[in-house]
Amino acid sequence: MYEWIKALHVIAVIAWMAGMLYLPRLFVYHCEAEAGSKQSETFKVMERRLLKAIINPAMIVTWLAGLYLVWAGHWLSAGWLHGKLFLVLVLSGVHGFFSRCVKDFSADRNTRSQKFYRIINEVPTALMIVIVILVVVKPI
Ligand code: HEM
């Protein structure tokens with residue numbers, strides 16, 4: 001059972017991360033589209049669907065399966081898990097921020113620059129690298 005839930009966890013992580021890496025890329029291009037243009041409306045649909053159909057459900061499955069693994073594997077006192085949980089909470093906060101950006105774009109009231117989205121685009125990648133090292137190598 002543990003191994004099956006771990007497989008589900010990794011599958012959900014891949015879907016969550018794929019969305020978290022792609023969504024800010026869409027924001028970068030969306031900045032170039034004029035509000036009210038056909039292109040801008042297309043980006044709105046793409047962003048909303050990516051968030052609602054992929055990113056949100058994938059995050060929920062990742063959390064549920066991850067918490068099961070913590071419980072079933074008796075990992076609660078492991079140092080790597082504490083570091084990982086902290087970084088996953090930050091990642092979940094970035095997720096919440098992205099969903100606010102989707103709302104702002106959909107109401108044509110985005111005020112953040114393209115450069116801002118290019119920079120924030122790297123944050124999920126950096127978090128993911130450290131999280132994977134913590135859980136696979138378990139250095140602490
Ligand atoms: C949402 C909260 C999360 C919790 C509570 C959690 C917890 C866990 C636990 C307890 C394990 C089992 C470790 C083992 O059996 O050695 C695990 C496996 C794993 N987790 Fe998470 N995790 C979470 C999110 C994430 C995220 C966001 C990522 C990647 C960005 C991730 C990547 C992985 C990977 C790759 C494994 C497999 C490691 C292995 O088999 O060696 N997890 N997770």
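As the structure lists them, so they are numbered: ligands from 1, and atoms in each ligand from 1. None of these values were measured; they are calculated from a predicted model.
Listed by number with element, the atoms of ligand 1 under 4.0 Å from a non-hydrogen atom of Met128 are 30 (C). Close contacts between ligand 1 and Leu85 involve ligand atoms 5 (C) [criterion: under 4.0 Å to a heavy atom]. The contact set between ligand 1 and Val70, taken as ligand atoms under 4.0 Å from a residue heavy atom, comprises 5 (C), 10 (C).
Within the protein, the N, O or S atoms lying under 2.8 Å from atom 21 (Fe) of ligand 1 are His9 NE2, Lys84 NZ.
Atom CZ of Arg100 sits in a sparse spot, with 12 or fewer heavy atoms from other residues, nucleotides or ligands closer than 6.0 Å.
Nearest residue to atom 12 (C) of ligand 1 from Tyr2, Trp63, Tyr68, Trp16 is Tyr2 (criterion: closest heavy atom).
Side-chain contact between Arg112 and Cys101: present, with at least one pair of heavy atoms (C-beta onward) separated by less than 4.5 Å.
The nearest pair of heavy atoms linking Lys52 to Pro57 is O-CD, 3.2 Å. Considering every non-hydrogen atom in both Thr62 and Ala58, the closest pair reads OG1-O, 2.7 Å. Nearest heavy atoms, Leu134 versus Gly83: CD1-C, 3.7 Å.
Aromatic rings of Tyr117 and Phe105 (six-membered ring for Trp) have centroids within the 6.0 Å cut-off, being under it.
Met59 does not count as a contact of ligand 1, since none of its heavy atoms falls under 4.0 Å from the ligand. Residue Trp80 places a heavy atom less than 4.0 Å from ligand 1.
In terms of protein heavy atoms, atom 39 (C) of ligand 1 is closest to Lys6 NZ, 3.8 Å. Looking at atom 16 (O) of ligand 1, its nearest protein heavy atom turns out to be Lys138 NZ, 2.6 Å.
Taking the centre and axis of the six-membered ring of Trp75, the NZ or CZ atom of Lys138 falls inside the cone set by 45° and 6.0 Å. Phe27 does not carry Arg25 over the face of its six-membered ring by the limits of under 6.0 Å from the centre and within 45° of the normal.
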message: Applying side chain to side chain contact (heavy atoms under 4.5 Å, CB included) to Trp80 and Val137, what does each step give before you reach the verdict?
response: CA-CA 9 Å; Trp80 65 267; Val137 182; over 6 Å; no

field: side chain to side chain contact (heavy atoms under 4.5 Å, CB included) between His30 and Gln39, intermediate numbers included
entry: CA-CA 8 Å; His30 200 158; Gln39 211 184 17; over 6 Å; no

